[in-house]
Structure formats: structure tokens, C-alpha cells
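In what follows, every chain begins at residue 1, and chains take the letters A, B, ... in the order their sequences are listed. Predicted model, so just to flag it, every value in this text is computed and none were measured.
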Number of protein chains: 2
Amino acid sequence: MQKKNSATIYDVAHRVGVSLATVSRVVNGNSNVRDSTKRKVLDAIEELGYHPNAVARGLASKKTTTIGVVMPDVTDVYYSELARGIDDVANMYHYDVLLTNTDEDPVRETMAVNNLASKQVDGIIFMGNELDHEVLNTISGVNAPVVLAGSVDSEKRLPSVNIDYVAAIKEAVGAVIKNGHDRVAIVTGPVEHAINGMHRLVGYKMALEEAQIDFDETLLFSTHQDYAAGLQVAERILATGATAVVTYDDEVAIGIMNYLRDHGKRIPEDFEIITSNDTKFTIVTRPQVTSIGQPKYDIGAVAMRMLTKLMNNEVIEVTQVKLPHTLERRGTTLN
Amino acid sequence: MQKKNSATIYDVAHRVGVSLATVSRVVNGNSNVRDSTKRKVLDAIEELGYHPNAVARGLASKKTTTIGVVMPDVTDVYYSELARGIDDVANMYHYDVLLTNTDEDPVRETMAVNNLASKQVDGIIFMGNELDHEVLNTISGVNAPVVLAGSVDSEKRLPSVNIDYVAAIKEAVGAVIKNGHDRVAIVTGPVEHAINGMHRLVGYKMALEEAQIDFDETLLFSTHQDYAAGLQVAERILATGATAVVTYDDEVAIGIMNYLRDHGKRIPEDFEIITSNDTKFTIVTRPQVTSIGQPKYDIGAVAMRMLTKLMNNEVIEVTQVKLPHTLERRGTTLN
DNA sequence: TTGAAAGCGCTAACAA
DNA sequence: TTGTTAGCGCTTTCAA
């Protein structure tokens, strides 16, 4: 059971008695080939078990039919859903996906982008909350189109696909305010991720302003992105006298919810919770968690679709795409 | 801000006044270069912003420093954790990861493997419950080492990294039997995935036998892999008079749990539940779900480590690696 | 320590 | 409709 040293295009050409060019033509579906020779070539390909070498092809054509995806963590349900959307449409257009995890470390993000560039990817989709200035620079230096998915570039230099975060947060905060809460806490990610936090804060403040509620800095929290962090921050939130919270992460939200219930709070009667990512986590708990609804899969899919156009040198009309969001009312909010 | 047509190795050589070979040597850390010329080359590389073209390199050296990862679905928390383990050690050894989702469709699995082969990956890590015979064949025809992660090849032809599924299920079932249950249901994946189901069944039957409980076919269930499926199957399970269940999927387990509680069952007093994947889902619910504990990240990491050895033509002592599993006792089982 | 030169397997003008 | 012929950018003997 030994591995055959795979046949090359030369072997096929030789076998049929035609030139390399002809074989190349039939392999690439070029029409300028007589049917009869096409047949013969196809047969030879079959017999020899010839599979084109994509690397050689890439070198010669300067197209690798491979795109790079840079993301914080495959393990993160939010991003992995975007990734799935990306992958599905990538396949649809016959691109393969080179995946890199960065944990949102700017150093690794920069390395990832450079590495992808040296691998000659035809395009890159970048995900990550914060768009570090240096990362942005190396991205714009890359000789391939890049589109951001679920991430914002405050300078709007790069094409991107998102929801309107500001509006979404404003609506979420507005919803609990409307239910009578005037001390609503907000929890965002690690402070390093300035942009992410900023966007949320803007929406938060807009909602307060609209309800004529004074901004209280003590109602601001930032945590790591996991269940335990939610458990921990909940105590501090409780201490502020807040009666509602809007969070950036679903696991954090559930951590908060469980802590509060353990400490005598009824959800949603005594305390309301809204989270942001609408992952599966929000539906397996009791009560289910109210969340901003995001078309996660579509964000990835649309971003990838956009990238295919860019790789094709097509002109893009709208480069800053905002997909619609919703508010999925579930058990952690009243009505 | 225009994209420079990136410099080639030729440009560097020309600039310094040395040959391509010399530049290649310093780029690849070959020691046979005089320090002074090395300096000059490095400087030129810096000045020109030269980045080696990995595609050309791949063609010439027949090594792409890229591996392929074939998996059911990035979105699946279980597999994505394996993927993270794979990616981390892949990076450690300077490999990039080409990712493909297959949804466990044999046709797509076959295509994925072939595609990866034509992209000349140096190795492949394959994940997927069932190892279809045809898939197995195309895998063994590929001219690159392949290792299975979290997947079983009943013929044991391929190197693999797993836990001992049979033993794990046996322990889980044994645990609830020990707690006094003699009617324990077991739910496995879609029947198409024969192997997966089989393995679990073997462990299940062993536990019954050890407790001298007769096997009852009506206690066998198979469902799709999501929360809603759990909700649905729960009703049927209840109808059998079962008082405990062991499931293959965490979301399904939670669906079952929530359904049962809605129908008056106290968990774990009236009904015990054990699941298999120990994902984050098991800890965000109340009660938390008892689960077989699997070193998911490590399964991926070890598989990848194994692959690096194979790609290096090193000899592997043990090809069928079984990593240790545990039983994480939480709130859905007594004591 | 360095260079010359032959590929790696394919694409893409350009000719015929 | 088909073939010839340069490359694509790099690695790798083999010599020097």
C-alpha cells in the first residue's frame, strides 16, 4: 500500500501526446479544446489519478484560492459562528480558509496578518474587538483585500460588516429603563479593548440621556469573558444598588444571573439582564436570557461575499455594512 | 499608500551583490554564511521589506508548513476545543491550519481530504464521529500523514487520539446504576453515525451486564445534536419509565433536563442525567450537569504533536493513544 | 563560504 | 484548436 508519487501535468500530456497547455486548458475548463482531445485528456487524468498541484498553480497564476481568517478564538461561540458563515460562502466560491487564533493579542494579530501575506492568500477576513493602530497599519500594507467582520475600525479605513453596536446597546439599555430601572449597570470587556468598550458606552449614554438619567461611573464594569467573571462581578454590581445590567458577553450574563438568584434576587422581577451575543448559552438556561439579536452567521457570510468581490476587483458600493439587529426578549426581562 | 510589488529574493541578492543561494541560506538560518555577508543580507532584507514567498518555497521544497484540519463544525463547542489544541501546537511548530467544515457528510469529507491533498498540506488531522469506509480509503491514499482526533477508526488503520469511550460510558452508566437506577436510557447521535453509537452501546451493555440488568432496546434513543432535540426526546424517555439517562451531547442533556423539570421531575432526586462532552454548557445551567470529563484541548494538542512527528518521519511508538477521562460529578447526579 | 544552474508543477502569453 | 516557451520565487545539489 505505498503512496504513488502523484502524476504531474506533464505525465498526462505525455500520455495523451498533447502539450502541457492543452492539458492545462481542459483542467481549467477552457473552452478552446476540441471535444475529442478533451475526452482523451480527461481519460488520461482519470487513469493516472492526476490531481493538479495547487501550490504550483498558485505560483504560476498568483492566485492561491485561499483566504486567511484571523480571529480571537475558535472556541468562542460568537466568533465561531461568524467563522462558519465565512467558511460556507468561501467554499461556495471555492476558497479554502487558513485560520489563525490571536486571543486578541495585537502582536499575534500582526504576525498572523504578515504570515498570511507571505502565504500569498488572496484575501483576509479579520475579526477582533479592538483594531490596534499598528495592526491596522500592517493590514493596510498587505497586498490583498481585507474585510473586517464583527469588528470596528474607528477610522473606517477598512471595509467591514457589523451590526450597529451603538444603536443596539442604546435599545437594550432603553428597554430596561422603560421597565422602570434608573440604575442600570453595564459590563464591557477588558479595558485594553478600548474601542469595544467605547462603542457600548456611547449607546449606553445615549439611552441615559434620552431618559434624562445622570451618568454614574460606578455603574461601569469590565470583566474577562467567562462564566466565573460573571459570578465575580455580580457581587460588585449588587453593591451599587443597580437593578438591571446590560452585558457584552453571554457567559458573563449567566454568571451574573446565577449569582443574583443565589443571593435572593428574582429574575426578572427584581433584576433585569440583557446580554449581547445571543449565543446558544442564552437558551439553555432557566430563565432564558434576553439578548440583543445579531445575525452572526450572516455577518461572516456577508463579509466573505464582500471579500470575493474585492478579490475580483469589483467595485463595492457600501463598504461599511450594518446588518439589522433585534432585541430577543426572553426570561430575564419583563414583558 | 500604494502596495509595493513585494521584493523577491532576487532583489535582495542583487542589492547585496551575492547569489540567490546565499540569501536563501541566511533566510533559512543555514550556518554556512560568513557573518559579514549575513549582516549585509539581513540589512538588505530589512530595507527592501522582503518577505519570502511561501508558495514558491513550497513548490521548491515540497513542504508547505501547512496542515489540514477536517472537522464537523467549528460551531460545535466540543470540536472547536479540539481545534484550539491543534492550532496552538501547530503554531508552536510553525504550521498553519487549513480548516474545513464537513457536517460529517462523507461526501464532503472525501472532497475535503482530496482538496487538502492537492493543496499539498504536510499533514492532516481528521475529526468526525463516523469514519466512512470510502473516506478511510481516500485518506489512506493521500500522500501525507493523517491522524484522527476525537474520532475512531474501527479498523485501527490510522493513528488516533481519543479517550476510551467504551470505558467512559460504562463508568457513567455504572454510576447511575450504583445510585439505584435500573432503567437507564441512553441517547446517541443520528443513527447514520453507526460507529459512534456502537461504541457507546458497548459500554452501556457492559455496565448493565455487570449489574445483571437485562438490556432493554426501548431505552435506546438517537437524536440530532441540539437543545430542541433534547426537549423532544425527553418526552419519549419519560414514557419508558426510565429514571436516568446518559447522553452523547451536552445540549441534548440540558434539553432533557429542562423538559423533565417542567414536567415535575426533580433533578437529581427523581431523575439522574450524565452527559459526555463536558463543555461550558454543563456549568452555566442550574443544576450543573454531571459529565464524563474529556481532555478536549489535549486530544487536539496530542494529535497535532503526533502529526509533527509523523511529518518528520519519526517513529511513533503508540499509534492508538487513549487519554485519561474522568467523571465530573455535578448537580444532575446524586453524590 | 559562496555561486551556478537545474528544477518544483503549473499558467499564460504568443505563435502557429 | 494546439503548441512553444517563458517564467512564477524559491530550494538544493554540485562545484568551486
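Residues passing the side chain to side chain contact (heavy atoms under 4.5 Å, CB included) test with T100(B), sequence neighbours excluded: A112(B), L116(B). Residues satisfying the side chain to side chain contact (heavy atoms under 4.5 Å, CB included) criterion with E314(A), sequence neighbours excluded, are K309(A), N312(A). Shown here are the side chain to side chain contact (heavy atoms under 4.5 Å, CB included) partners of D87(B), two or more places apart in sequence or in another chain: N101(A), N91(B), V97(B). The side-chain hydrogen bond (donor to acceptor under 3.5 Å, both in side chains) check on R108(B) picks up D103(B), with sequence neighbours excluded. Residues forming a side chain to side chain contact (heavy atoms under 4.5 Å, CB included) with D96(B) (at least two apart in sequence, or on another chain): L98(A), N115(A), K119(A), T66(B). For the ring pair (Phe, Tyr, Trp, His ring centres under 6.0 Å) test, residues two or more places apart in sequence or in another chain that qualify with Y10(A) are H14(A).
For DNA chain D, none of the residues of residues 36-44 of chain B falls under the heavy-atom distance limit of 4.0 Å. Within residues 112-124 of chain A, no residue has any heavy atom under 4.0 Å from DNA chain D.
The end-to-end axis angle of the helix from dT1(C)-dA16(D) to dA16(C)-dT1(D), rounded to 10 degrees and based on five pairs per end, is 30°.
Nucleic acid contact for N53(B): sugar-phosphate only, since backbone atoms but no base atoms lie under 4.0 Å from a heavy atom of the residue. Contacts of V55(B) with the nucleic acid, taken as non-hydrogen atoms under 4.0 Å apart, are absent.
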How does protein contact run along nucleotides 11-16 of chain D, one letter per nucleotide 5' to 3', with B for base contact, S for sugar-phosphate only, - for none, heavy atoms under 4.0 Å? SB----
Show me, pair by pair, the donor-acceptor contacts under 3.5 angstrom made by side chains of residues 55-62 of chain A, not counting sequence neighbours?
unit_1 : atom_1 : unit_2 : atom_2 : d
S61(A) : OG     : R57(A) : O      : 2.7
S61(A) : OG     : K63(A) : N      : 3.3
S61(A) : OG     : K63(A) : O      : 3.4

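Counting only residues at least two apart or on different chains, the salt bridge (Lys or Arg N to Asp or Glu O under 4.0 Å) pairs with a member in residues 37-47 of chain A are R15(A)-E47(A).
Judged by distance alone, the side chains of Q320(B) and S160(B) do bring a donor and an acceptor atom under 3.5 Å apart.
For L59(B), taking side-chain heavy atoms from C-beta onward, the closest of the listed nucleotides dT1(C), dT2(D), dG9(D) is dG9(D).
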